[in-house]
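If you're wondering where the values come from, they're calculated on a predicted model, not measured in any experiment.
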Amino acid sequence: GTPTPIAPVESYIVGVIQSMSRLRQPLNVSQGLSLANSLIEGTQWEDIAIEFKKKRGWNPFTSDGEKKQVLGRAWYRGFWKRNKHLLERKKGQKFARE
């Protein structure tokens, strides 16, 4: 596949998710997207991602003129696919009392 234009940021996000997991604070999809979008907001990485998506027909605004999140569910699915060797998904994770 095509390397993602924000690969350096993705490796940082992997590290954050791994740290959160070790602290028993796993992230759900919306939390993961919020984290990723907040990390790139106002940086060169946001600009790079916007340009990459615009070249593929993406409109950065909703029909109401609201600014869309740059990274969405399609990016998140790809992110997990690209990093499945580093990350683990668990549903309804329960932890033993200590």
Side-chain angles (χ1 to χ4, degrees):
T2 311
T4 176
I6 62 163
V9 177
E10 285 193 3
S11 61
Y12 180 77
I13 294 167
V14 167
V16 171
I17 291 174
Q18 289 172 331
S19 297
M20 297 289 289
S21 178
R22 279 193 296 278
L23 296 169
R24 296 186 174 191
Q25 297 292 322
L27 300 175
N28 64 29
V29 175
S30 62
Q31 290 167 329
L33 278 171
S34 290
L35 168 70
N37 277 296
S38 67
L39 285 172
I40 69 164
E41 192 175 349
T43 69
Q44 67 177 9
W45 302 108
E46 183 180 39
D47 299 337
I48 290 167
I50 288 170
E51 281 311 304
F52 179 83
K53 290 178 78 164
K54 275 184 177 175
K55 285 178 187 164
R56 287 154 182 80
W58 183 70
N59 180 352
F61 297 99
T62 65
S63 55
D64 306 339
E66 297 285 314
K67 191 176 168 213
K68 290 181 189 171
Q69 277 196 323
V70 177
L71 304 176
R73 289 185 177 270
W75 169 82
Y76 202 68
R77 269 191 307 277
F79 167 77
W80 276 89
K81 223 180 258 179
R82 288 185 292 279
N83 295 288
K84 64 181 175 241
H85 60 294
L86 301 170
L87 299 171
E88 184 179 5
R89 285 184 197 226
K90 292 183 180 173
K91 281 200 168 151
Q93 196 166 18
K94 302 235 185 317
F95 297 106
R97 289 200 178 124
E98 303 202 14

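Under the 4.5 Å side-chain heavy-atom criterion for ILVMFWY residues, a single connected hydrophobic cluster contains both Met20 and Leu35. Both Leu39 and Val14 are assigned to one and the same hydrophobic cluster, defined by single-linkage of ILVMFWY side chains at heavy-atom distances under 4.5 Å. Two different hydrophobic clusters hold Phe52 and Leu33 under the rule that ILVMFWY side chains link at heavy-atom gaps under 4.5 Å.
Between the CZ atom in Arg82 and the OG atom in Ser11 there is a gap of 12.0 Å [rounded to 0.5 Å]. A distance of 11.0 Å separates CZ in Arg56 from CD in Glu51, rounded to the nearest 0.5 Å. One distance of note links CG of Leu27 with CG of Leu87; it measures 10.0 Å at 0.5 Å rounding. Expressed to the nearest 0.5 Å, how far CD1 of Ile13 lies from CG of Leu71 amounts to 7.0 Å.
Remark: Asn28 engages Ser30 in a side chain to side chain donor-acceptor pair (under 3.5 Å) (not counting sequence neighbours). For Trp75, the ring pair (Phe, Tyr, Trp, His ring centres under 6.0 Å) test picks out Phe79, with sequence neighbours left out.
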Item to check | Criterion side chain to side chain contact (heavy atoms under 4.5 Å, CB included) on Glu66 and Phe61, from CA distance to verdict | outcome: CA-CA 5 Å; Glu66 297 285 314; Phe61 297 99; over 6 Å; no
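Contact record, Pro60 with Lys54: CG-CE, 3.8 Å, taken as the closest heavy-atom pair. The two residues Pro26 and Arg24 have their closest heavy-atom pair at CD-C, 3.3 Å.
Under the side-chain contact (heavy atoms from CB on, under 4.5 Å) rule, Val70 has a single partner from Asp47, Ile6, Ile40, which is Ile40.
Under a 3.5 Å cut-off, the side chain of Ser21 and the backbone N or O of Ile17 do not form any donor-acceptor pair. Remark: the backbone N or O of Leu86 is paired with a side-chain donor or acceptor of Gln18 at under 3.5 angstrom.
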